[in-house]
Amino acid sequence: MVTTSKDELEAITVDSYDRKIEIKAFDESKAGVQGLVEKGATKVPRMFHVGQPNDLSDASAKSNFSIPIIDLTGIHGDSIPRVDIVRKVQNACEKWGFFQVINHGIPAHVLDEMIKGTCRFHQDVKIGGIHLDVSWRLIHPNQKVCQQFADIMIEYSKRVMVLASTLFELISEALGLNHFHLNDMGCAEWFHLLCHYYPACPEPELTMGSRSHSDSDFMTILLQDHVGGLQVLHENQWINVLPMHGALIVNVGDLLKLVTNDKFISVQHRVISQRVGPRISVASLFRSYEDDSKEGSSKVFGPIKELLTEESPPVYRETTIKEYLKQRYAKGIGTSTLSHFKL
């Protein structure tokens, strides 16, 4: 196995720098960013730099804005709380593209175990008190930890799918549609679960945890731990999404923006690097099937006809999930994809 020391990755001068060589060395180490941290790296490899030091030195948002918080208590009860909740969802989707939900039906202990399980999965570093290299762990994972992680992922996934169906009902009503409309379209028939582990960063002023982007789905449900770091762009200001125990973050994806004909917005967001960590987050990205082998994968999505009028004609042409994602992957993260489908 090829290994690369932290010194080899750090000792790259301005004059001799070759990004391809650095990326190759990084890939061959098979240890990833976590491997660098565990080896005691004190410098961020240049290939991860996103700008000049001053560009990110003041990344902490100072605005008094905060994303809407929506209490789902009574959502399945009498009509008065539900009408109020739908109104709040509509406002959040139109003006923010982001909101947090509380009293959403997923027990706090399930959320906590999902965070802990993700952390254990990445930090399982010892056998018999011996610290193991991250590249070794990739080949010899701890089966007990993997099984525990699989169990909590299954439990969390079942519950988050139920919540997603409820949220799509609320969003449908917020659009003035039948509450089954978005679910019947297949917006929640498939989802991708991403478990993120952001180690503490020695030079947060030089890099990002995740660069600015919008999501390539209909809706994302995000669980984040107490560390925070997520920021949302609102009225040309970066807004901190402060951690709230037991809450889940919901955001509109590009595909929902497309089918709502720009009525609901998908906005840029990012994760700033921090000296503290690790930061754990779990993102559930909901969309229809991409795989050609799946039934409905060739389904066409475009602006919902019930939302179109002479005053509000279609902004986008129709597309399949496969075509949309092909364009997304070609553009790369952080680059607008929706503009390609504008009429």
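Using bins of under 30°, 30° to 60° and over 60° for the plane-to-plane angle, the ring pair His234/Trp96 lands in the parallel bin.
In summary, Lys95 and Glu235 do not engage in a salt bridge, as defined by a charged side-chain N under 4.0 Å from a carboxylate O. In this structure, Arg46 does not pair ionically with Glu22, as no charged nitrogen and carboxylate oxygen lie closer than 4.0 Å. We find that Arg275 and Glu203 are not joined by a salt bridge, their nearest charged nitrogen and carboxylate oxygen being 4.0 Å or further apart. With salt bridges taken as basic N to acidic carboxylate O contacts below 4.0 Å, none links Glu323 and Arg328.
Under the salt bridge (Lys or Arg N to Asp or Glu O under 4.0 Å) criterion, Glu155 pairs with Arg159, not counting sequence neighbours. Not a single salt bridge (Lys or Arg N to Asp or Glu O under 4.0 Å) links Lys20 to another residue, sequence neighbours left out. Not counting sequence neighbours, the partners of Lys24 by the salt bridge (Lys or Arg N to Asp or Glu O under 4.0 Å) test are Glu28. When the side chain to side chain donor-acceptor pair (under 3.5 Å) test is applied to Tyr198, no partner is found at least two apart in sequence or on another chain. With sequence neighbours excluded, no residue forms a ring-ring contact (aromatic ring centres under 6.0 Å, His included) with Tyr156. In terms of the ring-ring contact (aromatic ring centres under 6.0 Å, His included) criterion, His104 has no residue partners (sequence neighbours excluded).
A donor atom on one side chain and an acceptor atom on the other are found under 3.5 Å apart for Ser281 and His196.
For the atom pair Phe341 CZ and Asp254 CG, the distance stands at 10.0 Å (nearest 0.5 Å).
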Apply ring pair (Phe, Tyr, Trp, His ring centres under 6.0 Å) to residues Phe121 and Phe149 and explain how you reach the verdict. CA-CA 7 Å; Phe121 183 80; Phe149 190 36; 5.0 Å; yes

Could you give me the CA-CA distance, side-chain angles and deciding distance for Phe301 and Tyr316, then say whether ring pair (Phe, Tyr, Trp, His ring centres under 6.0 Å) is met? CA-CA 10 Å; Phe301 292 94; Tyr316 305 97; over 10 Å; no

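Taking the ring centre of Trp238 as origin, the terminal cationic atom of Arg270 falls inside the region bounded by 6.0 Å and 45° from the ring axis.
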